[in-house]
K.L.:
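Have a look at the structure that comes next, please.
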Amino acid sequence: MEDYTPPQGKVHYTVRQKLENFWYHYKWHSIIAFFIIIAVVICSVQFCSKSSYDSYLMYAGPYDATRGEILDMQSSLNSICPDIDGDGKTDVNVTSLFLVTDEQAKEINSRDDGYRVNAQVVSDNSKIFDQNVQTGEIVVFLLDPSRFNMLYSDKPDECFLLPIKDYLPDKDPASFEYFNDYGIYLKSTAAGSLPGLCNLPDDTVLCIRAKGSLTSIFRKKTAQKNHTSGETLLRSILSYTA
């Protein structure tokens, strides 16, 4: 008797069998590809939705500005700053950080208004402030004297600030009151009376930081662009007349 040989032909698999076979052989490839696609989509959405700002400004001090006051500051700065990026509108981004010294915290906590300093918020804001000084895109600052003194040094190589005199208008207004050669009291400028800005403490100091050393190394082109736009914003503030 001859041996039986089963008929040779194409084996047909169901859709489920095909999927199971694919998953068995390419499970990890598929998982990795899935997460890569998700990451690319998220980054693309964030990039496309990110606003383009003409310049940036930060307030850091014991005044806890409301969202409405921050928007007022932005509107005031938009009204005096030129369209730096050429997109047909002026949009200055304002960041406000509530930062206090230990003495200021004790004074605030002793008030009868019920407001209490959140130490964790102050700690987090302090880290944000330090990061911006080193590598951030913010160049123009409105600072409480305690914060200003952290950045200032009479040794140029150790000073995080630039002399304010380099940005003064051709005619130095007699009203300007200088904290020192590196800062001017905001209240002594005409811009200091604008909505939002007028609410800040009288001893708030307007200044401009030098380029962060780490930023200059890793993002030199971006750092130069941000610094140039910051200089334009500072000159606009100092030259504004009511």
Side-chain angles (χ1 to χ4, degrees), residues 55-66 69-70 72-74 76-77 80-81 92-105 107-108 117 122 125-134 136-169 172-212 226-227 229-242:
S55 191
Y56 302 82
L57 178 142
M58 174 183 285
Y59 166 73
Y63 188 80
D64 194 4
T66 65
E69 290 173 322
I70 294 174
D72 285 341
M73 291 184 212
Q74 291 182 167
S76 295
L77 294 172
I80 64 178
C81 182
V92 177
N93 178 271
V94 174
T95 298
S96 181
L97 298 180
F98 177 70
L99 287 170
V100 292
T101 62
D102 291 341
E103 291 74 17
Q104 289 170 332
E107 192 277 325
I108 293 173
V117 173
V122 174
N125 285 347
S126 183
K127 294 176 183 177
I128 295 173
F129 177 80
D130 292 342
Q131 180 181 4
N132 271 280
V133 171
Q134 289 289 344
E137 54 201 354
I138 300 175
V139 175
V140 181
F141 286 83
L142 297 173
L143 301 177
D144 178 75
S146 63
R147 285 286 153 179
F148 180 92
N149 288 329
M150 291 181 182
L151 304 185
Y152 171 74
S153 173
D154 55 5
K155 300 178 181 179
D157 293 341
E158 299 178 7
C159 187
F160 286 93
L161 303 173
L162 293 175
I164 199 76
K165 63 180 181 181
D166 296 338
Y167 302 95
L168 296 175
D172 185 357
S175 63
F176 281 177
E177 295 180 18
Y178 294 85
F179 185 83
N180 62 19
D181 291 340
Y182 290 77
I184 288 178
Y185 287 110
L186 176 66
K187 288 295 184 181
S188 69
T189 70
S193 63
L194 293 173
L197 297 171
C198 66
N199 297 332
L200 298 178
D202 291 344
D203 60 355
T204 300
V205 182
L206 172 65
C207 56
I208 182 169
R209 73 164 173 82
K211 296 175 187 176
N226 290 334
H227 209 275
S229 65
E231 290 177 322
T232 300
L233 173 61
L234 179 60
R235 289 191 175 97
S236 299
I237 295 174
L238 293 173
S239 62
Y240 172 75
T241 56

K.L.:
Looking at side-chain heavy atoms only, is the closest gap between Phe160 and Gln134 below 4.5 Å?
P.N.:
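Yes. Closest side-chain heavy atoms under 4.5 Å.
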K.L.:
Begin from the C-alpha positions of Val205 and Leu142 and carry the test side chain to side chain contact (heavy atoms under 4.5 Å, CB included) through to its verdict.
P.N.:
CA-CA 5 Å; Val205 182; Leu142 297 173; over 6 Å; no
K.L.:
Run the side chain to side chain contact (heavy atoms under 4.5 Å, CB included) check on Val122 and Val100 step by step: do they pass?
P.N.:
CA-CA 7 Å; Val122 174; Val100 292; 4.0 Å; yes
K.L.:
If I take atom CG from residue Asn93 and atom OG from residue Ser55, how far apart are they, to the nearest 0.5 angstrom?
P.N.:
9.0 Å
K.L.:
Identify the two heavy atoms, one from Ser188 and one from Ile184, that lie closest to each other, and give their separation to 0.1 Å.
P.N.:
OG-CG2, 3.5 Å
K.L.:
I'd like to check Ile208 versus His227 (side-chain heavy atoms, cut-off strictly below 4.5 Å). Are they in contact?
P.N.:
yes
K.L.:
Could you pull out the closest heavy-atom pair between Ser96 and Ile70, with the gap in Å?
P.N.:
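Minimum heavy-atom contact is CB-CD1, 3.7 Å.
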K.L.:
Give the intermediate values and the outcome of side chain to side chain contact (heavy atoms under 4.5 Å, CB included) for residues Leu197 and Leu77.
P.N.:
CA-CA 9 Å; Leu197 297 171; Leu77 294 172; 4.2 Å; yes
K.L.:
Take Phe179 and Ile164, measure what side chain to side chain contact (heavy atoms under 4.5 Å, CB included) needs, and give me the verdict at the end.
P.N.:
CA-CA 10 Å; Phe179 185 83; Ile164 199 76; over 6 Å; no
K.L.:
Is Asp203 close to Tyr185 at the side-chain level, that is, under 4.5 Å between some pair of heavy atoms?
P.N.:
yes
K.L.:
To the nearest 0.5 Å, what is the distance between OH on Tyr152 and CG on Asp181?
P.N.:
7.0 Å
K.L.:
May I ask you to test the Phe129-Met58 pair for a side-chain heavy-atom distance under 4.5 Å?
P.N.:
yes
K.L.:
Can you tell if the side chain of Lys187 reaches within under 4.5 Å of the side chain of Cys198, non-hydrogen atoms only?
P.N.:
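Yes, their side chains come closer than 4.5 Å.
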K.L.:
Is there side-chain contact between Leu161 and Phe148, with heavy atoms separated by less than 4.5 Å?
P.N.:
yes
K.L.:
Applying the side-chain contact (heavy atoms from CB on, under 4.5 Å) test to Tyr59, which of Thr95, Thr204, Val94 qualifies?
P.N.:
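The passing option is Thr204.
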K.L.:
Is it true that a side-chain atom of Thr189 and a backbone atom of Leu238 form a donor plus acceptor pair closer than 3.5 Å?
P.N.:
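It does not hold such a pair.
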K.L.:
Going from CG on Leu143 to CG on Leu97, what distance comes out if it is rounded to the nearest 0.5 angstrom?
P.N.:
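Reported to 0.5 Å precision, the distance equals 10.0 Å.
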K.L.:
Answer yes or no: are there more than 12 heavy-atom neighbours, outside Glu107 itself, under 6.0 Å from its atom CD?
P.N.:
yes
K.L.:
Hey, is the main chain of Phe98 close enough, under 3.5 Å, to the side chain of Asn125 for a donor-acceptor pair?
P.N.:
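The answer is yes, because a donor-acceptor pair under 3.5 Å joins these two groups.
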K.L.:
Can you tell me how far the CD atom of Gln131 sits from the OG atom of Ser126, to the nearest 0.5 Å?
P.N.:
11.5 Å
K.L.:
With a 4.5 Å cut-off on side-chain heavy atoms, are Gln104 and Asp144 touching?
P.N.:
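In short, these two side chains touch, coming nearer than 4.5 Å.
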K.L.:
Picking from Cys159, Cys207, Ser153, what satisfies side-chain contact (heavy atoms from CB on, under 4.5 Å) with Tyr182?
P.N.:
Cys159
K.L.:
What distance do Asn199 atom CG and Leu194 atom CG have between them, rounded to the nearest 0.5 Å?
P.N.:
11.0 Å
K.L.:
Examine Arg147 relative to Phe141 and say whether NZ or CZ is less than 6.0 Å from the centre of the six-membered ring and inside a 45° cone about the ring axis.
P.N.:
no
K.L.:
How far does CD1 of Ile237 sit from OG1 of Thr232, to the nearest 0.5 angstrom?
P.N.:
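Ile237 atom CD1 to Thr232 atom OG1 measures 11.0 Å (nearest 0.5 Å).
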